[in-house]
Amino acid sequence: MPELPEVETVRRDLAPLVSGRRIQRFIVFEGGERVLVGAPKDYVRSRLEGMQIGELGRRGKYLVLPLVEARSGAGEGSLVLHLRMTGSLKHRRADHEADRFERARIELDDGTALRFCDVRKFGTFEIIDDVDTYFSEKLGAEPLTAAFTLDALWSALRGRQSALKSALLDQSNVAGLGNIYVDEALFLARLHPSVPAGSLRPAERAALHEAIEQTLREGIEHRGASFRDYRDGKGEEGSQQFFVRVFRRTDQPCDTCGSTIRRSVVGGRSSHWCPSCQPVGQTRRKVNSSRRG
DNA sequence: CGTTACCTGAAA
DNA sequence: TTTCAGGTAACG
């Protein structure tokens, strides 16, 4: 659920509250073991307790808490979190009433705590010693950074026959996009979700690149989309759900042209699109790279 | 490549 | 009661 703009909002909320603080205690609640994806909780606890939290980071949909040995200042790896569908990370006083579905808690040295809550237990906590290697193996270019060039986008898509939407959801192509922002970006770029990824013409690639950046920036400006579970680092809702152009607006009129927004399943995911604003690729079938003439 | 599994609660 | 969900890994 939380996509790049949601995770970035959480990062910005939490950074001033936790960076530089020392981890006093790590607690795992019922259902929390699953979140540790197999790592024994005693091991995770031993890696966290006593460490200082460095500058809070983010890569794609992952939050990164660098762990620093307080005395020497030596890096001791990072705690890498993924919120998946229903996870949230909230900063509260340590004695605040327990959250429902709280799976793990990181108590800090100022009487506050980071509470990880997750109804479905899909979220993950991992201790990663070399985050650069870890991320380079699983994630594509990071949008909203210099790395996300038009060339980087196209080299991830070229030659692919799969639906453009599926290719954009694949985190190894582009990091951070999920179902909401892919549908929104495709609308802005006027591209149908099913168009073969590798079939884009140069002007279409450029429009897509621009649309991805625009929609992610807008999501961050609005502090994320709270259609259901998402909450920011203070436990509050974002407002991007009020600004979406197509996502979950099935059967409603398009604000741009008045046509009825449609829903279909692409790559197994609900997809929302405007039949007149997104004409590109509605009938395009094959990658044309080998076609002559 | 598409489908299924992982979980649980809310909405239909 | 059934379906659906903002994600991803593991299937066949």
Side-chain angles (χ1 to χ4, degrees), chain A residues 1-10 29-38 58-63 80-89 99-104 116-126 134-135 137-140 157 159-187 193-199 215-216 218-220 222-232 237-251 263-272 285-287:
Chain A
M1 68 98 237
E3 307 179 28
L4 187 155
E6 287 74 31
V7 180
E8 176 62 14
T9 300
V10 171
F29 297 103
E30 186 205 332
E33 284 85 356
R34 155 167 293 281
V35 168
L36 305 182
V37 284
R58 179 189 57 74
R59 178 80 162 86
K61 303 173 189 174
Y62 291 85
L63 258 185
V80 174
L81 312 186
H82 198 301
L83 303 175
R84 295 287 184 100
M85 297 286 272
T86 54
S88 68
L89 194 65
D99 284 336
R100 203 180 169 198
F101 307 120
E102 188 169 351
R103 306 299 181 192
F116 176 74
C117 305
D118 189 355
V119 171
R120 294 172 76 178
K121 296 183 265 191
F122 288 169
T124 58
F125 273 45
E126 291 179 281
Y134 178 78
F135 288 137
E137 285 170 357
K138 54 172 39 179
L139 298 179
L157 300 179
R160 296 187 178 264
Q161 299 256 93
S162 64
L164 177 57
K165 167 151 184 172
S166 304
L168 293 174
L169 286 174
D170 182 339
Q171 303 296 296
S172 68
N173 290 149
V174 180
L177 291 171
N179 214 24
I180 300 174
Y181 296 94
V182 165
D183 278 6
E184 294 296 303
L186 291 173
F187 174 86
S194 298
V195 66
S199 75
T215 195
L216 292 175
E218 189 181 299
I220 293 170
H222 291 135
R223 302 185 54 76
S226 294
F227 281 95
R228 194 164 162 171
D229 301 291
Y230 166 71
R231 297 294 182 272
D232 65 23
E237 297 185 0
S239 63
Q240 178 63 19
Q241 67 275 21
F242 301 123
F243 297 90
V244 291
R245 295 162 176 85
V246 289
F247 186 78
R248 291 207 197 171
R249 296 197 61 229
T250 312
D251 295 336
R263 174 186 181 278
S264 53
V265 175
V266 178
R269 309 296 301 278
S270 261
S271 302
H272 313 77
R285 294 287 174 212
K286 285 189 174 178
V287 175

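A note on names: the letters A, B, ... follow the listed sequences, proteins ahead of strands, and every chain is numbered from 1.
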Indicate yes or no: does A:Asp183 engage A:Lys165 in a salt bridge with an N to O separation below 4.0 Å.
yes
Could you check how far NZ of A:Lys165 sits from P of B:dC1, rounded to whole Å?
16 Å
Does A:Ser270 place a side-chain N or O at less than 4.0 Å from the phosphate oxygens OP1/OP2 of C:dA5?
yes
Could you state the CG-P distance from A:Asp229 to B:dG9, rounded to the nearest angstrom?
11 Å
Whole-Å gap separating C1' (C:dG7) and CG (A:Leu139):
13 Å
Using atom CZ of A:Arg160 as one end and atom C1' of B:dC1 as the other, report the distance to the nearest whole Å.
12 Å
Ring centres under 6.0 angstrom apart (A:Phe247, A:Phe227)
yes
Check this for me, if you would: do A:Arg249 and A:Glu184 make a salt bridge, where the nitrogen-to-carboxylate-oxygen distance has to be below 4.0 angstrom?
no
How far does the P atom of C:dT3 sit from the matching atom of B:dT4, given to the nearest Å?
14 Å
Parsed dot-bracket for DNA chain C after applying the Watson-Crick and G-U rules with both distances under 3.5 Å and | for other-strand partners is |||||.||||||
Using the side-chain heavy atoms of A:Lys61, tell me which of these nucleotides is nearest: C:dG7, C:dA5, B:dT8.
C:dG7
N or O in side chain of A:Arg263 less than 4.0 angstrom from C:dA5 OP1/OP2:
yes
Given atom CG of A:Asp170 and atom C1' of C:dA10, what is their separation to the nearest angstrom?
14 Å
Considering non-hydrogen atoms only, spot the tightest contact between A:Leu168 and A:Leu186 and give its length.
CD1-CD2, 4.0 Å
Which nucleotide sits closest to the side chain of A:Arg100: C:dT8, C:dG7, B:dA10?
B:dA10
Quick one: A:Lys121 NZ to C:dG7 C1', roughly how many Å, whole number?
17 Å
Using a cut-off of 4.0 Å on non-hydrogen atoms, how would the nucleic acid contact of A:Arg103 be classed: base, sugar-phosphate, or nothing?
nothing
Nearest whole angstrom, please: distance from the P of C:dA5 to the CZ of A:Phe122.
14 Å
How is A:Gly268 classified with respect to the nucleic acid when contacts are heavy atoms under 4.0 Å: base, sugar-phosphate, or nothing?
nothing
Between C:dG7 and A:His82, is there an OP1 or OP2 to side-chain N/O distance shorter than 4.0 Å?
no
Output yes when A:Arg223 and A:Asp232 qualify as a salt bridge under the 4.0 Å nitrogen-oxygen rule, no when they do not.
yes
Any A:Gln171 side-chain N or O less than 4.0 Å from OP1/OP2 of C:dG7:
no
Just compare B:dC6, C:dA9, B:dG9 and give me whichever is closest to any side-chain atom of A:Lys138.
C:dA9
Closest heavy-atom pair and its distance - A:Ala175, A:Leu139
CB-CB, 4.1 Å
Phosphate oxygens OP1/OP2 of C:dA5: is one of them under 4.0 Å from a side-chain N or O of A:Arg120?
no
Quick check against the 3.5 Å criterion: does A:Gln241 have a side-chain atom that pairs as donor or acceptor with the backbone of A:Ser226?
yes
Side chain of A:Phe101 - closest among B:dG9, C:dA5, C:dG7
B:dG9
Side chain to side chain donor-acceptor pair (under 3.5 Å) between A:Tyr230 and A:Gln240, worked out:
CA-CA 11 Å; A:Tyr230 166 71; A:Gln240 178 63 19; over 6 Å; no
Of the nucleotides C:dG7, C:dA9, C:dA5, which has the atom closest to the A:Arg248 side chain?
C:dA5
How many Å lie between OH on A:Tyr134 and P on C:dT8, as a whole number?
11 Å
Sugar-phosphate, base or nothing in reach of A:Tyr181, heavy atoms under 4.0 Å:
nothing
